[in-house]
Asks: 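Provided herewith is a single structure, encoded as structure tokens, for subsequent inquiry.
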Amino acid sequence: MQPREVRTVDDAKQIIDERKLSHVKVGLFDNDGVMRGKYMSKEKFFSSLDKGFAFCDVVLGWDVKDQLYDNTRYTGWHTGYPDAPVRIIPSSCRDVLDEDGMLLFMAEFAGEAESVCPRATLRRVLDKAKSMGLIPRAAFEYEFFLFRETPHSVREKGFRNLEPITPDWFGYSMIRNSTYSDLYKSILAMAEAMDFPIEGIHSETGPGVIEAAISVDHACHAADKAALFKTYMKVLAQKNELMATFMAKWSNDYPGQSGHIHLSLRDQDGNNVFFDHNEPHSMSAVQRHFLAGQQRLMPELLCMVAPSVNSYSRMIPGFWAPTDATWGIENRTTSLRVITGSEKSQRIEYRIGAADANPFLALAAALGSGLIGIEHGWEPSDPVLGNAYQQAHSDTLALPRTLWDATQRFKLSEAAVSLFGEAFVEHFAASREWEDREFRKHVTDWELSRYFEII
């Protein structure tokens, strides 16, 4: 049996017996989309398949630096950080990069923890789509920078004067991908072996930056693949004495790094409900309503797709990151790009997303907002023609400019509560307020250079 043929608990046990494994790897994703996990013995894993197992809920109560939130209700010092129930997903079984024969299984929180679990939050939105007779399909594409650094060297350098693997601005370069063909082939081979296949990969504009587009799939599988790609791209890089970063913007000198999401909806017969060849740009009424929901709710849900302080450094005019909830036909200066064509290709590219977003939450926001637009029959604004950065837009389309402001909009969003649940909105908002407060404890280089001598 092959890992991607596993569907049931019995299948999972069979493949482990066939491979004579004493241990397997089990992982799940936290608020920020960071994979947390461990090796688990065969005996413990078999028992967990049958009955579930427990995982300390601190992974839902700390930040990317393992610092504990002081403002959440779900978990904290006041609860004693108990174990929370977890269910293993047998069909997530995969080979593991450079670990001969080892298997990886994904898991997700259950019980009360399910209300704040990122993957479960996406599932609630997918359940809503299912109740509407719709099957979402999605694909993620990521930009990331690669450096000739290690986790030790970047810290020794204070994250300054880092060496990218390639110099200068040279997007879509055949010279770069040919010179570094061994690296590119390693990325492609990993993606095939771990079943997040890459549709296209190329050098992007900037020193050491690469863009990878993951193949389209059912929305839940697409988010799984995106989250695994981000995790194991870092693993592959570090195994080769390199470092990959998915920060939204690591340098003031270069554009930020995007995490765009391509979305379409199918009916139960597999037809693309976004496509209507009788309408302008082949945009069906369903696609218009979906687009309108994404546009109208983007300011309220922004902290789910721009979840860090750094996310907002990316959203400045002229650097390929939108600043308002705009849309256009094949227009890459807008937040929402309608891609027209055939019944197969008609879709929306959700361009506001940054590479630092949790894929489960970014997709939940992009999809959920569109579903509400369909429910209410909303219509979008007029499409932007030309450069969206140089045009004035309605104040209602303005996006929050900081993580704090975005979080305050999110806390007041009735749409967020209806889509994701009150428990999730409260918990995630608290985690973003914590993130902003942690930033405000620090003095930046900009402040020092501006004020130290002169003020």
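Keep in mind that this is a model prediction, so the values were computed, not measured. All residue numbers in this chain count up from 1 along the given sequence.
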Asks: Could you pull out all residues at least two apart from Phe45 that satisfy ring-ring contact (aromatic ring centres under 6.0 Å, His included)?
Replies: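 ring-ring contact (aromatic ring centres under 6.0 Å, His included) check on Phe45 returns Phe105.
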
Asks: Could you report the tightest heavy-atom contact between Tyr74 and Ala84, atom names first, then the distance?
Replies: OH-CB, 3.9 Å

Asks: Nearest 0.5 Å please: distance from the CZ atom of Phe290 over to the CG atom of Leu134.
Replies: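 That separation rounds to 9.0 Å.
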
Asks: Would a distance-only check, ignoring hydrogens and angles, find a side-chain to backbone donor-acceptor pair under 3.5 Å from Thr407 to Leu403?
Replies: yes

Asks: Is the backbone N or O of Asp269 less than 3.5 Å from a side-chain atom of Asp267, with the two atoms forming a donor-acceptor pair by type?
Replies: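 Flag set: sc Asp267 to bb Asp269 pair under 3.5 Å.
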
Asks: Could Asp356 and Arg314 be called an ion pair, given the rule that one side-chain N must be under 4.0 Å from one carboxylate O?
Replies: no

Asks: Would you please name every residue forming a ring-ring contact (aromatic ring centres under 6.0 Å, His included) with Phe428, sequence neighbours left out?
Replies: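 Partners of Phe428 by the ring-ring contact (aromatic ring centres under 6.0 Å, His included) criterion, ordered by chain and then number, come out as Phe424.
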
Asks: Hey, can you tell me if Trp250 and Phe147 have their rings parallel, tilted or perpendicular (30° and 60° cut-offs)?
Replies: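 Because their plane-to-plane angle is over 60°, the rings of Trp250 and Phe147 count as perpendicular.
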
Asks: How about CD on Glu422, more than 12 heavy atoms from neighbouring residues, nucleotides or ligands closer than 6.0 Å, or not?
Replies: no

Asks: Identify the two heavy atoms, one from Leu103 and one from Pro3, that lie closest to each other, and give their separation to 0.1 Å.
Replies: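 It is CD2-CG, 3.8 Å.
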
Asks: Which distance, rounded to the nearest 0.5 Å, do you find between the CD of Glu349 and the CD1 of Ile261?
Replies: 10.0 Å

Asks: If a pair satisfies side chain to side chain donor-acceptor pair (under 3.5 Å) and one of its residues is in residues 201-219, list it, with sequence neighbours excluded.
Replies: Asp217-Lys225

Asks: State which residues pass salt bridge (charged side-chain N to carboxylate O under 4.0 Å, His left out) with Glu300; sequence neighbours excluded, sorted by chain then number.
Replies: none

Asks: Apply side-chain contact (heavy atoms from CB on, under 4.5 Å) to Lys42 and Ser22, showing your working.
Replies: CA-CA 5 Å; Lys42 170 184 170 180; Ser22 64; 5.7 Å; no

Asks: Does the structure place the NZ or CZ of Lys38 under 6.0 Å from the centre of the six-membered ring of Phe55, at an angle of no more than 45° from the ring's axis?
Replies: yes

Asks: Looking only at heavy atoms, which two atoms of Ala415 and Ile372 are closest? And how far apart?
Replies: CB-CD1, 3.8 Å

Asks: Looking at every non-hydrogen atom in both residues, tell me the closest pair between Glu435 and Asp63 and how far apart they are.
Replies: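 Smallest heavy-atom distance, with atoms named: OE1-CB, 4.1 Å.
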
Asks: Got a sec, which residues hit ring-ring contact (aromatic ring centres under 6.0 Å, His included) with His376, two or more places apart in sequence or on another chain?
Replies: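 For His376 the ring-ring contact (aromatic ring centres under 6.0 Å, His included) partners, ignoring immediate neighbours, are Trp378.
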
Asks: Take Asp436 and Arg440 through the test salt bridge (charged side-chain N to carboxylate O under 4.0 Å, His left out) and record every step on the way to the result.
Replies: CA-CA 6 Å; Asp436 189 84; Arg440 293 180 188 279; 2.5 Å; yes

Asks: Starting at CD of Glu43, measure out to OG of Ser41 and round the result to the nearest 0.5 Å.
Replies: 5.0 Å

Asks: For the CZ atom on Phe53, are there more than 12 heavy atoms of other groups (residues, nucleotides or ligands in this structure) within a distance under 6.0 Å?
Replies: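 Yes, CZ of Phe53 has more than 12 neighbouring heavy atoms, counting only those of other groups under 6.0 Å.
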
Asks: With no hydrogens and no angle check, just 3.5 Å: does a side-chain donor-acceptor pair link Glu438 and Gln67?
Replies: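 Their side chains do not contain a donor-acceptor pair, so the 3.5 Å distance test is not met.
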
Asks: If you count heavy atoms of other groups shown closer than 6.0 angstrom to CG of Asp127, is the number above 12?
Replies: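 Check passes, neighbour count above 12.
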
Asks: Could you go step by step and tell me if Lys344 and Asn272 meet the side-chain contact (heavy atoms from CB on, under 4.5 Å) rule?
Replies: CA-CA 7 Å; Lys344 179 182 177 180; Asn272 186 347; over 6 Å; no

Asks: Looking just at side-chain N and O atoms, do Thr334 and Arg337 make a donor-acceptor pair shorter than 3.5 Å?
Replies: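 No pair is found: no donor N or O on one side chain lies under 3.5 Å from an acceptor on the other.
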
Asks: Between Arg401 (side chain only) and Leu399 (backbone N and O only), is there a donor and an acceptor less than 3.5 Å apart?
Replies: yes

Asks: Are more than 12 heavy atoms from other residues, nucleotides or ligands located less than 6.0 Å from atom CD of Glu18?
Replies: yes

Asks: I'd like to know if the side chain of Arg124 reaches the main chain of Ser115, judged simply by a donor and an acceptor atom lying under 3.5 Å from each other, with no hydrogens or angles considered.
Replies: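 At least one qualifying donor-acceptor pair exists.
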
Asks: Within the distance-only criterion (no hydrogens, no angle test), does the side chain of Arg119 pair as donor or acceptor with the backbone N or O of Phe360 below 3.5 angstrom?
Replies: no

Asks: Say whether, by atom type as modelled, one donor and one acceptor occur between the side chain of Asn271 and the main chain of Val273 under 3.5 angstrom.
Replies: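 No, the answer is negative, given that no donor and acceptor are paired below the 3.5 Å cut-off.
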
Asks: Asp66: which residues meet the salt bridge (charged side-chain N to carboxylate O under 4.0 Å, His left out) condition with it, sequence neighbours left out?
Replies: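 For Asp66 the salt bridge (charged side-chain N to carboxylate O under 4.0 Å, His left out) partners, ignoring immediate neighbours, are Arg36.
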
Asks: Taking ring-ring contact (aromatic ring centres under 6.0 Å, His included) as the definition, give me every residue that meets it alongside Phe275, ordered by chain and number, with sequence neighbours left out.
Replies: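 ring-ring contact (aromatic ring centres under 6.0 Å, His included) list for Phe275, sorted by chain: empty.
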
Asks: Just jot down the side chain to side chain contact (heavy atoms under 4.5 Å, CB included) partners of Ala306, sequence neighbours excluded, or say none.
Replies: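 Partners of Ala306 by the side chain to side chain contact (heavy atoms under 4.5 Å, CB included) criterion, ordered by chain and then number, come out as Leu302, Ser311, Tyr312, Met315.
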
Asks: Once rounded to the nearest 0.5 Å, what's the spacing between atom CG of Leu291 and atom CZ of Phe274?
Replies: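 The CZ atom of Phe274 is 8.5 Å from CG of Leu291, to the nearest 0.5 Å.
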
Asks: Not counting sequence neighbours, which residues clear salt bridge (charged side-chain N to carboxylate O under 4.0 Å, His left out) with Glu5? List them please.
Replies: none

Asks: Which heavy-atom pair separates Lys411 from Val425 by the least distance, and what is that distance?
Replies: CA-CG1, 4.4 Å

Asks: Distance-only, no hydrogens or angles: does the Gln238 side chain make a donor-acceptor pair with backbone N or O of Pro151 under 3.5 Å?
Replies: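 No; zero donor-acceptor contacts below 3.5 Å.
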
Asks: About how many Å separate CG of Leu265 and CZ of Arg347, when rounded to the nearest 0.5 Å?
Replies: 13.5 Å

Asks: Between Trp327 and Ser381, is there a donor-acceptor pair closer than 3.5 Å when you use the side chain of the first and the backbone of the second?
Replies: yes

Asks: Given 3.5 Å as the limit, does a donor-acceptor pair link the side chain of Gln295 with the main chain of Ala325, or not?
Replies: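 Judged by distance alone, yes, a pair lies under 3.5 Å.
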
Asks: More than 12 non-hydrogen atoms from neighbouring residues, nucleotides or ligands closer than 6.0 Å to NE2 on His78, yes or no?
Replies: yes

Asks: Which side-chain N or O atoms in residues 135-144 pair as donor and acceptor under 3.5 Å with protein atoms at least two apart or in another chain?
Replies:
| residue | atom | partner | partner atom | Å |
| --- | --- | --- | --- | --- |
| Glu141 | OE1 | His262 | NE2 | 3.2 |
| Glu141 | OE2 | His260 | ND1 | 3.2 |
| Glu143 | OE1 | Ser258 | N | 3.1 |
| Glu143 | OE1 | Ser258 | OG | 3.3 |

Asks: Which heavy-atom pair separates Ser186 from Leu236 by the least distance, and what is that distance?
Replies: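 Shortest heavy-atom contact: O-CD1, 3.6 Å.
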
Asks: Does Lys44 offer a backbone N or O that forms a donor-acceptor pair with the side chain of Ser48 under 3.5 Å?
Replies: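 Looks like yes, one N/O pair under 3.5 Å.
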
Asks: State the CZ-OG1 distance between Arg73 and Thr79, to the nearest 0.5 angstrom.
Replies: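 The CZ atom of Arg73 sits 13.0 Å away from the OG1 atom of Thr79.
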
Asks: Can you name the salt bridge (charged side-chain N to carboxylate O under 4.0 Å, His left out) partners of Arg266, sequence neighbours left out?
Replies: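 Counting only residues at least two positions away or on another chain, Arg266 forms no salt bridge (charged side-chain N to carboxylate O under 4.0 Å, His left out).
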
Asks: When the ring planes of Tyr69 and His427 are compared, do they come out parallel, tilted or perpendicular, using 30° and 60° as the limits?
Replies: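 Perpendicular: the ring planes of Tyr69 and His427 meet at over 60°.
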
Asks: Do any side-chain atoms of residues 85-98 form donor-acceptor pairs under 3.5 angstrom with protein atoms, and if so which ones, sequence neighbours left out?
Replies:
| residue | atom | partner | partner atom | Å |
| --- | --- | --- | --- | --- |
| Arg87 | NH1 | Glu108 | OE2 | 3.0 |
| Arg87 | NH1 | Glu114 | OE2 | 3.3 |
| Arg87 | NH2 | Glu114 | OE1 | 3.2 |
| Ser92 | OG | Ile89 | O | 2.6 |
| Ser92 | OG | Met106 | N | 2.7 |
| Arg94 | NE | Met194 | O | 2.6 |
| Arg94 | NH1 | Ser92 | O | 3.1 |
| Arg94 | NH2 | Asp195 | O | 3.3 |
| Asp95 | OD1 | Arg19 | NH1 | 2.6 |
| Asp95 | OD1 | Arg19 | NH2 | 3.1 |

